[in-house]
Protein chains: 2
Amino acid sequence: MQKDDLIEEKKLLVEEMGVYFETCDTLSPLSSRIFAYLALSLDEGVSFEELQEALEASKSSISTNLQLLQSMRRIGYFTKPGDRKRYFKIDDEQIINRLDDKIETWKHEKKIHQKVLCYKKRIFQDVEIDSENLLRIQYNEHYITFVDSMIQNLEKLKENLIQLK
Amino acid sequence: MQKDDLIEEKKLLVEEMGVYFETCDTLSPLSSRIFAYLALSLDEGVSFEELQEALEASKSSISTNLQLLQSMRRIGYFTKPGDRKRYFKIDDEQIINRLDDKIETWKHEKKIHQKVLCYKKRIFQDVEIDSENLLRIQYNEHYITFVDSMIQNLEKLKENLIQLK
DNA sequence: TATTTAGTTCGGTATTTACCGAACTAATGA
DNA sequence: TCATTAGTTCGGTAAATACCGAACTAAATA
């Protein structure tokens, strides 16, 4: 039957996406699968119960990891009137939030490279500097401008996504 | 004394960079510190022994992590004639290699999003599709083009770095 | 007021990861 | 040939992480 096929495909995709987000976003295995499952669940949100059953995990683990994903601004939930359950879904802004995180990471990288550059310059301040080391310092300087352009690109792409809404 | 100051500053920087690479490049704590230490050691390469002493780690751990960093194309070594020791240094191409890895990651991300898109389209192929879900599919398509531009940017920046050599 | 529902919190366990020491190899040197 | 140097490999341990179950809370319902 068609429906069973889709459920099977969903399982496979959750697993594949799970492994990806685990390593690339440093999420715990379960967080990663919850996020993947929600990303593939369109229309309505997904209840706590459904997650428990689909991912075969305990209540407590589901709870902990849902909170973690919420604190990372990757998911959110809504409620239905007259229904006590929460319905979880990926955060509408999660792509933008992830981009923000990436931008922060690059800014951090820039800061570190600036410190390294200072350190290198201090080392050579009194010594005469050979061409090889001069090259290294220039390379470092160039890398910082490269990181700057990365940050600019990410910010531009973020604006593009915001426009789209 | 000046020299002691520099050694102290190096220690602090190794620690700061260590924490950064640990989380951002998912390196083990020791790998991360080795890499940081090498990045701050200009001129000559650094011997196995010096790493052992500076990072207060065992022979075996240093060995394992040096191999790991080499397999990641982040560091390399050279030898001096009449000297059996290896002198480790960061790989001249490590920034480019890291960029390559980042490009691969984005390509992987693209592949996954394409699969998700296929899955979504399959879900809706027989059903009539409401405006909200149509929007979700469009968003997905847009994200893929966004990933494409990320990849292109990274490739351009990589070319720039190669030119510089 | 007692019961069910929906989720949280907390203490413990199992798995994974990081690191270590001791025994080993391969090459050089006495 | 035996000793030393430079590093590797392997088995084990300690620490961190992920997950679980049981007891709990807070709100709704009977």
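Every chain is numbered from 1, with letters handed out A, B, ... down the list of sequences. In what follows, every heavy atom counts, from backbone to side chain, and hydrogens, waters and symmetry copies are set aside.
Not a single ring pair (Phe, Tyr, Trp, His ring centres under 6.0 Å) links A:F48 to another residue, sequence neighbours left out. Under the ring pair (Phe, Tyr, Trp, His ring centres under 6.0 Å) criterion, B:H108 pairs with A:Y20, not counting sequence neighbours. For the side chain to side chain contact (heavy atoms under 4.5 Å, CB included) test, residues two or more places apart in sequence or in another chain that qualify with A:D91 are A:R73, A:E93, A:Q94, A:N97. Scanning for side chain to side chain donor-acceptor pair (under 3.5 Å) contacts around A:E53 gives an empty result, with sequence neighbours left out. Scored by the side chain to side chain contact (heavy atoms under 4.5 Å, CB included) test, A:S58 finds A:S60, A:S61 as partners (sequence neighbours excluded). Every side chain to side chain contact (heavy atoms under 4.5 Å, CB included) that A:E155 has, sequence neighbours left out, goes to A:I103, A:K107, A:I151. By the ring pair (Phe, Tyr, Trp, His ring centres under 6.0 Å) test, B:Y119 pairs with no residue at all, sequence neighbours left out.
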Check residues 121-129 of chain A and write down every donor-acceptor pair under 3.5 Å in which the side-chain atom is one partner and the other belongs to a residue at least two apart or another chain.
from	atom 1	to	atom 2	distance (Å)
A:K121	NZ	A:E141	OE2	3.3
A:R122	NH1	B:E9	OE1	2.1

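One atom, CG of A:N65, and another, C1' of D:dC20, lie 12 Å apart when rounded to the nearest Å.
The shortest side-chain heavy-atom distance between B:I90 and B:R74 does not fall under the 4.5 Å cut-off.
Residue A:Y87 shares its hydrophobic cluster (ILVMFWY side chains chained together at separations under 4.5 Å) with A:F78.
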What is the per-nucleotide protein-contact pattern of nucleotides 2-10 of chain D, from the 5' end, where B denotes a base atom under 4.0 Å from a protein heavy atom, S denotes such proximity for sugar-phosphate atoms only, and - denotes neither?
-> ---BBBBB-
Distances for protein N/O vs nucleotides 11-13 of chain C N/O pairs under 3.5 angstrom?
none

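At a non-hydrogen distance threshold of 4.0 Å, B:S28, B:P29, B:L30 from residues 27-34 of chain B come into contact with DNA chain C.
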